[in-house]
Amino acid sequence: MSSFRLILSKSSLAVYLLIVFQLVLDERRGLYLPGVLNRTDLRIMSNTIFLSLCGATGMVFFASYYRKLSDTIQKSSLYYALLLSCLGQLMMELFPTETIPMVLGLLLSMAGWGYSIGYILYRVAIEVPEAYFGRLIGASLGLGAIVFFIIDNVEAAFPDMPVSSIFAFLCLATLAAVKTKENALPAWQPPSSTWHSFFQKSRTYLVIATIFLSVMIGLCDSIIVARFAEYVPSFPASRLFYAGGLFLFGWLADKKFSFMPAIVLVISAYYLWFRTFHTESEIFILSAQLVEAIYDSPIIVLIMTGFLHIAAHSDQPEKWAVMSRLIYLLSMSMGLLAGILVVQYLSIPFIFAIYIIILSTGIALMYMVAMLYVKSLAKSTAEKQLEAAIEAYRQEAVEAAPNEDEAFITYCKRYSLTEREADVLQELLKGEKISAIAEALFISERTVRFHINNLLNKTGQDSQLSMVSDYYRNINNV
């Protein structure tokens, strides 16, 4: 898919999810057991957890079985998922809230959504350049929030029409139409040693950080749920705040990804303090709207962008691409459950202390991921520059030094290189990376680095690139 079609697809799924949640919150759909879920907060909590589990089911199925499917089924699997969601949506329309078929329809619609979101995120990870991950996520979710705001206003203007249901089907139809025009998946390329190292080191940090930050969002949302009657009138307008934050932080994630954890820390700490100690109704509603722009949006962009970077350099991108939404939904549900059943009954200072501990832990881990990414990006860029320079110097030296073997021997004698150092230099001149050199010479990567340092010291150069330049400059003068 092109970037535009991926944005449109992701936006359609975002709108569909918001519509389903809105239907549940308005008691038009969802679980409802009189005498058990008669409290508003318990009903919202149980439905949120149920929707999250249903969506997670589709995501897990995609992550576990997509690669095992035949090529033919892979190409059509998104259609099957959309049909499943359409069937579920139809059952939700035909059967009353209290019936099992309606609940089954809810399960099917969210399971289909989960598979579809996994498929789209997978394509983003392997098709879109990493420099645009943040902007694509911000643009798609932001556009979805704006569309939902429009839907809500249309529904208010035509209360007798099933506007939400119509748009739900339109979202699924849009995704199906976009799918018919998609390009074939590009051939998967295994990650370089630099990016493989980034993947190995950062994945655990990112998973734990996502759990902490998602639980914290759930805890904060439990306050809204407990005061749902006050908040619900402002929910549509909050989508505009949310969209603005997504556009801003999506752009920032691409330009200054390493700054994102610090930005989230400062904004979140201030917000948590403000929201914990200011409970007046007007201020509460204002903070509930502002949180959509300056709190939820940077955390969601940071989490999703982080996992896309991981997926882009993983040998199982289909699993890691979907992990951001999977962990977020499940952990957010856990936080919501804990907030409604336990945390809201604690003292305000204690609640604030819990928030800060969870926030600081999650941000510290996310900062480590960001630093690993920045270092890997710098190292990868240097490797590409070295490869390009080697090829350019090699082409220039072809005519100037027709007998390159003799020139190489002369160069080694000039700097008194040992036999092993000469072997390492020869591999470097081929453009090989440290891991490949170690494998070719049957030595460890640490030993290769030791020889490279010796080469730099003997030749008087400060980098591999300058050493290669020095080599070709010398042989041209032979």
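Quick note: residue numbers are just sequence positions, from 1.
Between Leu172 atom CG and Leu82 atom CG the span is 6.0 Å, to the nearest 0.5 Å. Here the CD1-CG distance, from Ile211 to Leu365, works out to 10.0 Å after rounding to the nearest 0.5 Å. Distance check, rounded to the nearest 0.5 Å: OG of Ser76 to CG of Leu69 gives 10.5 Å. Rounding to the nearest 0.5 angstrom, the gap separating the CG atom in Leu441 from the CD atom in Gln426 is 9.5 Å. A distance of 10.0 Å separates CD of Glu318 from NZ of Lys68, quoted to the nearest 0.5 Å. A distance of 15.0 Å separates CZ of Arg135 from CG of Leu246, quoted to the nearest 0.5 Å.
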| said: Please evaluate residues Val448 and Glu427 with respect to the criterion side chain to side chain contact (heavy atoms under 4.5 Å, CB included), reporting the C-alpha separation (whole Å), side-chain torsions for both, the decisive distance (0.1 Å), and the verdict. | reply: CA-CA 10 Å; Val448 174; Glu427 295 297 320; over 6 Å; no
| request: Give the C-alpha distance, both sets of side-chain angles, the deciding distance and a yes or no for side chain to side chain contact (heavy atoms under 4.5 Å, CB included) between Phe167 and Leu170. | output: CA-CA 5 Å; Phe167 273 95; Leu170 283 176; 4.2 Å; yes
| query | Do Arg67 and Lys319 pass the side chain to side chain contact (heavy atoms under 4.5 Å, CB included) test, and can you show the C-alpha distance, the side-chain angles, and the key distance before you say yes or no? | reply | CA-CA 10 Å; Arg67 187 173 290 194; Lys319 292 185 178 181; over 6 Å; no
| request: Under the side chain to side chain contact (heavy atoms under 4.5 Å, CB included) rule, what do Leu53 and Leu330 come out as? Steps first, then yes or no, please. | output: CA-CA 7 Å; Leu53 291 175; Leu330 296 179; 3.7 Å; yes
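Although no hydrogens or angles enter the test, the distance criterion places a donor-acceptor pair under 3.5 Å between the side chain of Ser85 and the main chain of Ser109. In this structure, the side chain of Glu421 engages the main chain of Thr418 through a donor-acceptor pair within 3.5 Å. Between the side chain of Trp113 and the backbone N or O of Leu13 there is at least one donor-acceptor pair closer than 3.5 Å. The backbone N or O of Ser331 sits nowhere less than 3.5 Å from a side-chain atom of Ser214 that would complete a donor-acceptor pair. When atom types are taken as modelled, the side chain of Ser360 and the backbone of Ile357 share a donor-acceptor pair closer than 3.5 angstrom.
Between Thr447 and Arg420 the shortest side-chain heavy-atom distance does not fall below 4.5 Å. Using a 4.5 Å cut-off on side-chain heavy atoms (C-beta onward), Met323 and Arg203 make no contact. Residues Ile363 and Phe212 have side chains not in contact (no heavy-atom distance under 4.5 Å, counting atoms from C-beta outward). Within the 4.5 Å cutoff, the side chain of Met59 has heavy atoms near those of the Leu329 side chain. Inter-residue side-chain proximity for Ile303 and Met366 is flagged as met; some heavy-atom pair is nearer than 4.5 Å. Residues Ile137 and Leu308 form a side-chain contact, since some pair of their non-hydrogen atoms from C-beta on lies under 4.5 Å apart.
Around atom OH of Tyr415, more than 12 heavy atoms belonging to other residues, nucleotides or ligands sit under 6.0 Å away.
Ser140 approaches Ser11 most closely through the heavy-atom pair O-OG, 2.7 Å. Across Ser116 and Leu78, no two heavy atoms sit closer than the pair OG-CD1, 3.5 Å. What you find for Ile299 and Leu213 is that their closest heavy atoms are CG2-CB, 4.0 Å. Between Val128 and Phe133, the shortest heavy-atom distance links the atoms O-CE2, 3.3 Å. Taking both residues in full, the closest heavy atoms of Ala243 and Ile146 are given as CB-CG1, 3.7 Å, listed atom of the first, atom of the second, then distance. In this structure, Thr210 and Tyr328 approach most closely via the heavy-atom pair CG2-N, 4.4 Å.
Tested against Tyr122 for a ring pair (Phe, Tyr, Trp, His ring centres under 6.0 Å), the candidates Tyr66, Trp320, Phe307 yield a single pass: Tyr66. Of the residues Leu302, Ile327, Ile310, the one that meets the side-chain contact (heavy atoms from CB on, under 4.5 Å) test with Leu206 is Ile310.
Between the side chains of Ser9 and Ser12, no donor-acceptor pair is found at a separation under 3.5 Å. Ser52 and Ser333 form a side-chain donor-acceptor contact under 3.5 Å, judged by distance and modelled atom types alone.
Between Phe62 and Tyr115, the ring planes are perpendicular. Angles over 60° get that label, and only those under 30° would be called parallel. Ring geometry for His309 versus Tyr373: interplanar angle of 30 to 60°, hence tilted.
Remark: Lys255 engages no residue in a salt bridge (charged side-chain N to carboxylate O under 4.0 Å, His left out) (not counting sequence neighbours).
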